[in-house]
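Okay, so here's the structure we're looking at.
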Amino acid sequence: QVQLVESGGGLVQAGGSLNLSCAASSGTFSRYRMAWFRQAPGMEREFVAAIHWNGDSTYYTDSVKGRFTISRDNAKNTVYLQMNRLKFDDTAVYYCAAKLVPVYAILSVTEAGYDYWGQGTQVTVSS
């Protein structure tokens, strides 16, 4: 079992930056497929970014491509989401997701690809 705890959210003006962190309590973190999802008010949860278990590949939804960067530090059991040039439409609760996967697994951009979820951290972008 793994607990995921997100942090780093907050209120930021449009054009600003935030760095979200997701700390895992235990498990074979280096073998976890990791991702960030977000859910805006009145909207369904959507995929934001994913990183392969070995960190050799990443994938982003088009709306954040070039602005967000997902990374991981296995020594700290932590995955990050650096968010730059934030827009009002980025306002949402951001969730960290993880799944222990075999070495041959590919990354996933769907909720079904993940077993563990954090409680979320609020990101609010104002003008």
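With a 6.0 Å radius and a threshold of 12 heavy atoms from other residues, nucleotides or ligands, Gln122 has its CD atom above the threshold. The number of heavy atoms from other shown groups lying within 6.0 Å of OH (Tyr59) does not exceed 12. Open room surrounds CD1 on Ile106; 12 or fewer heavy atoms of other groups in view lie less than 6.0 Å from it.
Under the 4.5 Å side-chain criterion, counting only non-hydrogen atoms from C-beta, Ile51 is in contact with Val79. Met34 has its side chain out of reach of Trp53: every pair of non-hydrogen atoms, C-beta onward, lies at least 4.5 Å apart. For the pair Met83 and Val123, the minimum side-chain heavy-atom distance is below 4.5 Å. With contacts defined as side-chain heavy-atom distances shorter than 4.5 Å, the pair Arg38/Tyr95 does not qualify. No side-chain heavy atom of Trp117 sits under 4.5 Å from any side-chain heavy atom of Leu4. The closest side-chain heavy-atom distance from Ser17 to Gln82 is below 4.5 Å.
Looking only at distances, no side-chain donor or acceptor of Thr124 sits under 3.5 Å from a matching main-chain atom of Leu11. A distance-only check finds no donor-acceptor pair linking the side chain of Tyr80 to the backbone of Thr69 [under 3.5 Å]. Side-chain N or O atoms of Arg33 include none that pairs as donor or acceptor with a backbone N or O of His52 at under 3.5 Å. Distance alone, capped at 3.5 Å, places no donor-acceptor pair between the Thr91 side chain and the Asp89 backbone.
No salt bridge links Asp90 with Lys87; every basic N to acidic carboxylate O contact stays at or beyond 4.0 Å.
Judged by a 6.0 Å distance limit and a 45° cone about the ring axis, Arg72 is positioned over the six-membered ring of Phe29.
Ring-plane geometry between Phe47 and Phe37 is classed as perpendicular, the angle between the planes exceeding 60 degrees on a 0 to 90 degree scale with a lower cut at 30.
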